[in-house]
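To start, I am sharing the structure in question, which I have written as structure tokens.
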Amino acid sequence: MMLYIIRHGETEWNRMRRVQGHTDIPLNERGRHLAAETAEKMREIKLDLCFTSPLKRARETARIILGSRKIPLYDEERIREIGFGAYEGVSSGDDSDPKSRAVQFFFTEPASYVPPADAETIPELYSRTGEFLTELCRRNDLQDKNILVSTHGAAMTALLNRIKGELSVEHFWKYKVPPNCAVTMAAVEDGKARIIRESVIYYK
């Protein structure tokens with residue numbers, strides 16, 4: 001099995017540095033352009049199926065990458081972005097806003113981040129993305145398949161950290177967030193994934 005794990009293209013909230021989480025923000029024009037350039041460079045890769053976060057930005061990225069391929073595309077809740085609850089829509093880095101200062105810890109000192117009551121924790125994100133990855137890697141019917149996985153910055157980070165065996169909250173961003181439309185290839189053998197190439201950028 002070969003996994004092609006991709007972060008969605010740019011959105012207006014990415015550009016404005018607003019926290020998206022579960023908020024269903026579509027790609028902007030640049031995001032579609034990045035996805036289209038990525039799709040062009042990936043057009044010769046045989047893909048057999050795709051799992052995507054159900055959020056518009058990830059789903060649209062997946063559809064652009066798949067292009068004319070007539071293959072199954074499955075919505076997968078477990079690779080949806082982390083939920084920020086009351087912090088969704090907050091501008092990151094605005095020191096005049098208490099919510100912004102609070103959510104900034106997620107990006108700078110994740111061990112000190114305290115999510116609001118209606119949000120997810122990093123361990124909860126690790127749990128659901130890890131469950132998805134483990135289940136996928138163990139599926140006997142998919143062992144000879146090439147699979148696109150379209151997801152989000154924090155969710156993709158959680159998946160890649162798990163493959164690397166780094167599951168601490170403190171070091172969540174140790175390897176940095178993948179850029180928009182960055183693709184990581186991981187080979188799966190005997191139920192275990194290992195990274196072949198990481199955060200490949202196909203656009204200029």
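Note that this is a predicted model, so its numbers are computed, not measured.
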(message) Tell me if a side-chain donor or acceptor on Lys145 pairs with a main-chain N or O of Asp48 at a distance below 3.5 Å.
(response)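 Checking the backbone N and O of Asp48 against the side chain of Lys145, no donor-acceptor pair under 3.5 Å is found.
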(request) May I ask you to decide whether Glu131 forms a salt bridge with Arg128, counting only side-chain N to carboxylate O separations under 4.0 Å? (result)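 Salt bridge flag = no for Arg128 with Glu131.
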(message) Working to the nearest 0.5 angstrom, can you tell me the gap between Leu55 CG and Ile25 CD1?
(response)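 Atom-to-atom, Leu55:CG and Ile25:CD1 are 9.5 Å apart.
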(request) Output yes when a side-chain donor or acceptor of Asn161 lies under 3.5 Å from a complementary backbone atom of Ala158, and no otherwise. (result)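 Absent.
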(message) Whether the Glu37 and His33 side chains hold a donor-acceptor pair (N or O, under 3.5 Å, no angle test) is what I'd like checked.
(response)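 Yes, His33 and Glu37 have a side-chain donor paired with an acceptor closer than 3.5 Å.
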(message) So does Asp95 get a backbone contact from the side chain of Ser100, meaning a donor-acceptor N/O pair under 3.5 Å?
(response)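 A pair under 3.5 Å: no.
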(request) Evaluate the side chain to side chain contact (heavy atoms under 4.5 Å, CB included) criterion for residues Glu135 and Arg78: first the C-alpha distance (whole Å), next the side-chain angles of each, then the deciding distance (0.1 Å), finally the verdict. (result) CA-CA 11 Å; Glu135 180 183 294; Arg78 292 172 294 182; 3.0 Å; yes
(message) Side chains of Ser91 and Met16, heavy atoms from C-beta outward: is any pair under 4.5 Å?
(response)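 SC-SC contact between Ser91 and Met16 ruled out.
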(request) Run through the side-chain heavy atoms of Ile, Leu, Val, Met, Phe, Trp and Tyr, join any pair under 4.5 Å, and report what else lands in Val114's cluster. (result)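 Besides Val114, the cluster holds no residue at all.
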(message) In this structure, would Val200 and Leu66 fall into the same cluster of hydrophobic residues linked by side-chain contacts under 4.5 Å?
(response)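 Yes; tracing contacts between hydrophobic side chains, which count when under 4.5 Å, links both residues.
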(request) Enter the distance from Ile65:CD1 to Leu47:CG here, rounded to the nearest 0.5 Å. (result)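 The CD1 atom of Ile65 sits 9.0 Å away from the CG atom of Leu47.
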(request) Please list, chain by chain and in numerical order, all residues satisfying side-chain contact (heavy atoms from CB on, under 4.5 Å) with Arg63, sequence neighbours excluded. (result)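 Here the qualifying residues are Arg59, Leu73.
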(request) Report the C-alpha distance between Leu27 and Ile64 in whole Å, list the side-chain angles of each, state the deciding distance to 0.1 Å, and finish with yes or no for side chain to side chain contact (heavy atoms under 4.5 Å, CB included). (result) CA-CA 11 Å; Leu27 299 180; Ile64 292 171; 4.2 Å; yes
(message) Quick one: does any side-chain atom of Gln104 pair with a main-chain N or O of Ser92 as donor and acceptor, under 3.5 Å?
(response)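 Here the side-chain-to-backbone pair does not exist.
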(message) Give me the atom names and distance for the closest heavy-atom approach of Asp118 to Gly85.
(response)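 Heavy atoms only, the tightest pair is OD1-CA, 3.4 Å.
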(request) State the CZ-CD distance between Arg32 and Glu10, to the nearest 0.5 angstrom. (result)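 With rounding to 0.5 Å, CZ (Arg32) is 11.0 Å from CD (Glu10).
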(message) Determine whether Thr52 and Asp75 satisfy the following criterion, side chain to side chain contact (heavy atoms under 4.5 Å, CB included), listing intermediate values before the conclusion.
(response) CA-CA 5 Å; Thr52 179; Asp75 284 349; 3.6 Å; yes
(request) Answer yes or no: are there more than 12 heavy-atom neighbours, outside Arg138 itself, under 6.0 Å from its atom CZ? (result)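 Counting other residues, nucleotides and ligands, CZ of Arg138 stays at 12 neighbours or fewer.
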(request) Report, as yes or no, whether the 6.0 Å neighbourhood of atom NZ on Lys164 holds more than 12 heavy atoms from other residues, nucleotides or ligands. (result)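 Yes, because the 6.0 Å sphere around NZ of Lys164 holds more than 12 heavy atoms from other groups.
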(request) Would you kindly confirm whether Ile195 and Tyr4 end up in one hydrophobic cluster when ILVMFWY residues are joined by side chain heavy atoms under 4.5 Å apart? (result)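 Unlinked, Ile195 and Tyr4 end up in two clusters.
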(message) Please say yes or no: joined through hydrophobic side-chain contacts below 4.5 Å, possibly via intermediate residues, are Leu142 and Ile5 part of one cluster?
(response)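 Result: yes, single cluster for both.
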(request) State plainly whether one hydrophobic cluster holds both Ile71 and Ile6, where clusters connect Ile, Leu, Val, Met, Phe, Trp and Tyr through side-chain heavy atoms under 4.5 angstrom apart. (result)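 Yes, one cluster joins them.
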(message) Please check this pair: side chain of Gln143 against backbone of Cys137, looking for a donor-acceptor N/O pair closer than 3.5 Å.
(response)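 Yes: the side chain of Gln143 pairs with the backbone of Cys137.
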(request) Please tell me if the side chains of Val103 and Lys99 come closer than 4.5 Å, counting only heavy atoms from C-beta onward. (result)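 No, side chains not in contact.
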(request) Kindly compute the distance separating CG (Asp144) from CE (Met2), expressed to the nearest 0.5 Å. (result)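 One gets 12.5 Å once the value is rounded to the nearest 0.5 Å.
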(message) Please determine whether side chain to side chain contact (heavy atoms under 4.5 Å, CB included) holds for the pair Leu3 and Leu159, giving the CA-CA distance in whole Å, both sets of side-chain angles, and the decisive distance to 0.1 Å.
(response) CA-CA 11 Å; Leu3 305 180; Leu159 287 168; over 6 Å; no
(message) Can you confirm whether Thr184 sits close enough to Met156 that some side-chain heavy atom of one is under 4.5 Å from a side-chain heavy atom of the other?
(response)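 Counting from C-beta outward, Thr184 and Met156 do come under 4.5 Å.
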(request) Flag the pair Phe132 / Val149 as yes when at least one side-chain heavy-atom distance between them is below 4.5 Å, and no otherwise. (result)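 Yes, side chains in contact.
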(request) Side-chain contact test, heavy atoms from C-beta onward, threshold under 4.5 Å: evaluate it for Phe51 versus Thr151 and give yes or no. (result)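 Result no, sub-4.5 Å side-chain heavy-atom pair not found.
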(request) To the nearest 0.5 angstrom, please state how far the NE2 atom of His22 sits from the OG atom of Ser53. (result)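 Separation between the atoms: 8.0 Å.
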(request) Answer yes or no: is there a side-chain heavy-atom contact under 4.5 Å between Trp173 and Thr157? (result)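 Of all side-chain heavy-atom pairs linking Thr157 with Trp173, at least one is under 4.5 Å.
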(request) Tell me whether Trp13 is reachable from Ile82 by hopping between hydrophobic residues (I, L, V, M, F, W, Y) whose side-chain heavy atoms are closer than 4.5 Å. (result)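 They do not share one cluster, since no chain of ILVMFWY contacts under 4.5 Å joins Ile82 to Trp13.
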(message) Measuring only between side-chain heavy atoms, which start at C-beta, is Glu120 closer than 4.5 Å to Pro115?
(response)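 No, every pair of side-chain atoms sits at 4.5 Å or beyond.
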(message) Distance check, rounded to the nearest 0.5 Å: His8 atom NE2 versus Arg57 atom CZ?
(response)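 Going from NE2 on His8 over to CZ on Arg57, the span is 4.5 Å.
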(message) Side chains of Tyr87 and Tyr113, heavy atoms from C-beta outward: is any pair under 4.5 Å?
(response)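 Result yes, sub-4.5 Å side-chain heavy-atom pair found.
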